[in-house]
Number of protein chains: 2
Amino acid sequence: MKFKIASGILSDGLKKVEKVVNWKHNIPILQGVYMECTPDEITLIGSDSDESLRYHIPVDGENVDVVTPGKILLPKQAVELIKKLKGEIVLEREEHILVIKYGKKSQFSFVTSNVEEYPKLPEINFDGPSLILKGTEFSNVIRKTAFAAAENDIRPILMGLNIIANSNELIAVATNSHRLGRVILKKGTDKEKQVVIPAKVLEKHLKIFDLEKDVNVYFGSKNQVVFKNGSLVLYVRMLEGNYPSTERLIPTEFLTEITLNRLELLETLDRIGGLSDDGKTGVVKLQIRSGVAELSTNHSQIGKGIEILELQEISGDNEFSVSFASKYMMDALKSIDDDYICFKYTGNLRPFLVTPSSGSPEIEETQLILPVRERDV
Amino acid sequence: MKFKIASGILSDGLKKVEKVVNWKHNIPILQGVYMECTPDEITLIGSDSDESLRYHIPVDGENVDVVTPGKILLPKQAVELIKKLKGEIVLEREEHILVIKYGKKSQFSFVTSNVEEYPKLPEINFDGPSLILKGTEFSNVIRKTAFAAAENDIRPILMGLNIIANSNELIAVATNSHRLGRVILKKGTDKEKQVVIPAKVLEKHLKIFDLEKDVNVYFGSKNQVVFKNGSLVLYVRMLEGNYPSTERLIPTEFLTEITLNRLELLETLDRIGGLSDDGKTGVVKLQIRSGVAELSTNHSQIGKGIEILELQEISGDNEFSVSFASKYMMDALKSIDDDYICFKYTGNLRPFLVTPSSGSPEIEETQLILPVRERDV
């Protein structure tokens with residue numbers, strides 16, 4: 001193996017695939033980045049066995065030029081070095097040694113593990129995606145749902161994002177059983193499928209996706225879901241188990257619907273919700289009366305607070321109160337892009353909905369929050 | 001106690017004094033910010049008992065207006081709230097309750113501890129500073145020495161910055177016994193004193209100092225050193241014990257003096273030094289021969305690297321080699337502002353010096369590093 005490359009091009013790829021590499025993985029061969037070059041392209045792979053990232057660099061004979069095809073495993077120190085280099089560099093394999101040369105006489109050599117032991121990625125027919133999403137659609141699906149998944153593994157399946165693809169639409173749901181985020185995208189597929197993907201994995205990797213480009217989704221035959229975005233491919237192992245049916249949990253009739261300014265509500269909750277032991281997960285009471293929304297909290301050890309918000313619109317019952325975790329409400333509000341939100345009330349201890357007030361014809365988004373028992377304020 | 005204030009003015013002060021507050025301090029009264037208002041000024045104090053910060057806000061009758069003098073202890077949640085508020089706010093004490101009002105009808109109340117128990121700060125006669133430093137002088141003294149202090153308390157006195165003020169100059173030295181940073185400021189005082197101040201405390205608080213303003217230094221009669229910078233006063237408890245004499249450790253005659261480009265050397269060390277287990281503290285060998293500097297490293301488990309640097313100037317022996325911890329050299333280089341540095345060699349296992357190549361008439365700075373035993377490269 002020998003090739004020369006503009007270091008920035010190789011760094012860009014390494015910075016993406018290393019996101020998934022655990023340099024202290026208990027499988028030694030995964031403690032590095034797999035690199036293979038053919039006359040046509042350089043492939044980089046990082047993997048922690050549950051998730052893998054693959055990145056392609058085309059050979060153009062100018063910024064990237066392959067002398068001898070081959071492959072090698074890049075150890076951490078080699079990856080760190082390449083990210084610091086500028087200008088053209090030459091990478092060459094001599095037995096199990098990786099040699100990196102640059103500048104006038106600078107030369108590094110690294111001891112590497114046996115690349116032949118590196119696990120194969122599942123084979124995917126990249127010509128037939130199950131679904132093609134715009135980058136922004138992919139981002140919206142994750143941004144508006146994944147945060148609502150469970151963080152601990154009391155019920156491991158709830159750490160997943162449940163994706164149902166049918167001939168009419170794509171439905172994504174995440175819930176920790178106290179709150180739920182759901183989006184419905186008006187985009188059908190002839191490859192109907194239901195899969196559960198670890199929510200945190202998608203959230204974590206969203207930032208390395210290029211949202212200007214499409215995301216092709218492949219529901220592989222094995223236990224993998226694959227996302228292709230330009231030169232980058234993300235392989236994720238599905239969660240096993242049956243995702244609970246959530247459809248019937250989401251109310252469709254409401255006692256009251258209120259329109260509120262989203263940022264104003266968010267800032268108020270940030271102040272009110274901060275009045276708690278950990279400064280984050282305070283319980284807040286929302287009381288509607290005399291045409292205003294009163295947000296309050298009360299902790300005997302710390303103190304209490306009250307703020308008044310103007311209602312933009314109200315229909316239905318105009319006096320009620322409900323208590324909820326301010327963090328859940330703030331997460332829901334942050335996932336919405338509209339200036340105004342609609343708060344849909346169904347009863348004192350029944351789940352309520354938060355939705356964008358205008359909404360979009362392409363994506364239907366719903367945030368559900370289960371109230372907590374009210375405390376005296 | 002009752003006063004009204006533009007929230008930004010109070011926030012600015014709180015953001016400074018809270019730096020020293022440990023909200024979970026084992027002395028409960030220190031888990032808050034002391035606030036006192038008189039007709040003339042509002043005083044904020046944060047303290048963790050070893051170090052304290054005091055901040056003054058003058059009453060101007062416009063942005064700050066005191067209705068009733070008094071004092072109270074601000075709990076964490078009140079401080080967090082005030083930092084989030086905009087516009088004018090009113091703070092009022094009702095028994096042990098702090099009431100904060102703002103906007104149309106918003107109101108918070110906080111349970112507070114008994115402020116009478118808050119420890120008194122040592123009394124200082126602010127009219128007679130022992131020393132007056134320009135903000136930049138104060139910053140330079142700390143920036144060029146404190147990092148070299150010991151990080152662990154095997155010899156607690158070495159965690160300090162040793163300051164010797166005499167009639168001609170101010171000398172500041174820090175060392176962990178493997179490296180040493182020293183500056184000499186041509187600034188005398190008639191209040192001669194030698195004190196040892198925790199180095200990390202000064203480093204940590206440097207960023208809240210306003211370097212456009214002078215720093216008045218007071219060597220208090222008790223075990224405190226006090227730094228006054230505009231509205232801010234920092235009280236630091238001295239370290240007890242005798243600081244070792246370091247004067248005789250610093251060589252004054254050299255076998256070789258070399259001038260090198262500082263940033264070039266720093267970037268080279270960053271690449272070469274990264275070739276180690278933890279990616280930071282690698283040992284690097286510097287070899288001078290044939291008119292160039294060769295920097296290299298060798299780890300049997302990881303690999304090896306070599307880079308060549310041009311010498312700007314050399315005088316004395318023109319062939320030698322020395323090995324050192326790349327982190328120590330990088331820290332020293334980062335503390336220097338000149339484009340070029342002078343490397344002063346005194347023998348293979350003897351301490352060498354790194355100094356700015358041009359230097360300044362106002363401040364004399366010296367970085368000393370003890371080599372490590374050479375390894376074969």
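The sequence lines fix the lettering, A, B, ..., with proteins before strands; numbering per chain opens at 1. Values reported hereafter were calculated over all heavy atoms of this structure, with side chains retained and with hydrogens, waters and symmetry mates removed.
- Between A/I258 and A/I288, some side-chain heavy-atom pair lies under the 4.5 Å cut-off.
- Both the backbone and the side chain of A/I308 have a heavy atom closer than 4.5 Å to some heavy atom of chain B.
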Let me have the donor-acceptor pairs involving side chains of residues 8-25 of chain A, under 3.5 Å, with sequence neighbours excluded, atom names and distances please.
unit_1 : atom_1 : unit_2 : atom_2 : d
A/S11  : OG     : A/S7   : O      : 3.0
A/S11  : OG     : A/I82  : O      : 3.3
A/K16  : NZ     : A/I208 : O      : 2.9
A/E18  : OE1    : A/K83  : NZ     : 3.2
A/E18  : OE2    : A/K83  : NZ     : 2.8
A/K19  : NZ     : A/K15  : O      : 3.2
A/N22  : OD1    : A/K24  : N      : 2.9
A/N22  : OD1    : A/H25  : N      : 3.4
A/H25  : ND1    : A/I27  : N      : 3.0
A/H25  : NE2    : A/D48  : O      : 3.2

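- The side-chain contact (heavy atoms from CB on, under 4.5 Å) test with B/C37 is passed by exactly one of B/L91, B/V67, B/I42, B/I5: B/I42.
- Residues B/V115 and B/Y34 form a side-chain contact, since some pair of their non-hydrogen atoms from C-beta on lies under 4.5 Å apart.
- Using a 4.0 Å cut-off between charged side-chain N and carboxylate O, B/R262 and B/D339 make no salt bridge.
- Enclosure of atom NZ in A/K204 by more than 12 non-hydrogen atoms of other residues, nucleotides or ligands within 6.0 angstrom is indicated.
- In this structure, chain A has heavy atoms under 4.5 Å from both the backbone and the side chain of B/I306.
- Counting heavy-atom pairs closer than 4.5 Å to chain B, the top-ranked of the candidates A/I272, A/L295, A/T112 is A/I272.
- Remark: the B/E116 side chain and the B/Y118 side chain contain no N/O donor-acceptor pair separated by less than 3.5 Å.
- Contact of the A/F343 side chain with the A/V322 side chain is registered, since non-hydrogen atoms from C-beta on lie closer than 4.5 Å.
- For chain B, no part of A/E294 is nearby; none of its heavy atoms comes within less than 4.5 Å.
- Below 4.5 Å, heavy atoms of chain B meet heavy atoms from A/Y102, A/K104, A/K105, A/S106, A/Q107, A/F108, A/S109, A/F110, A/V111, all part of residues 93-111 of chain A.
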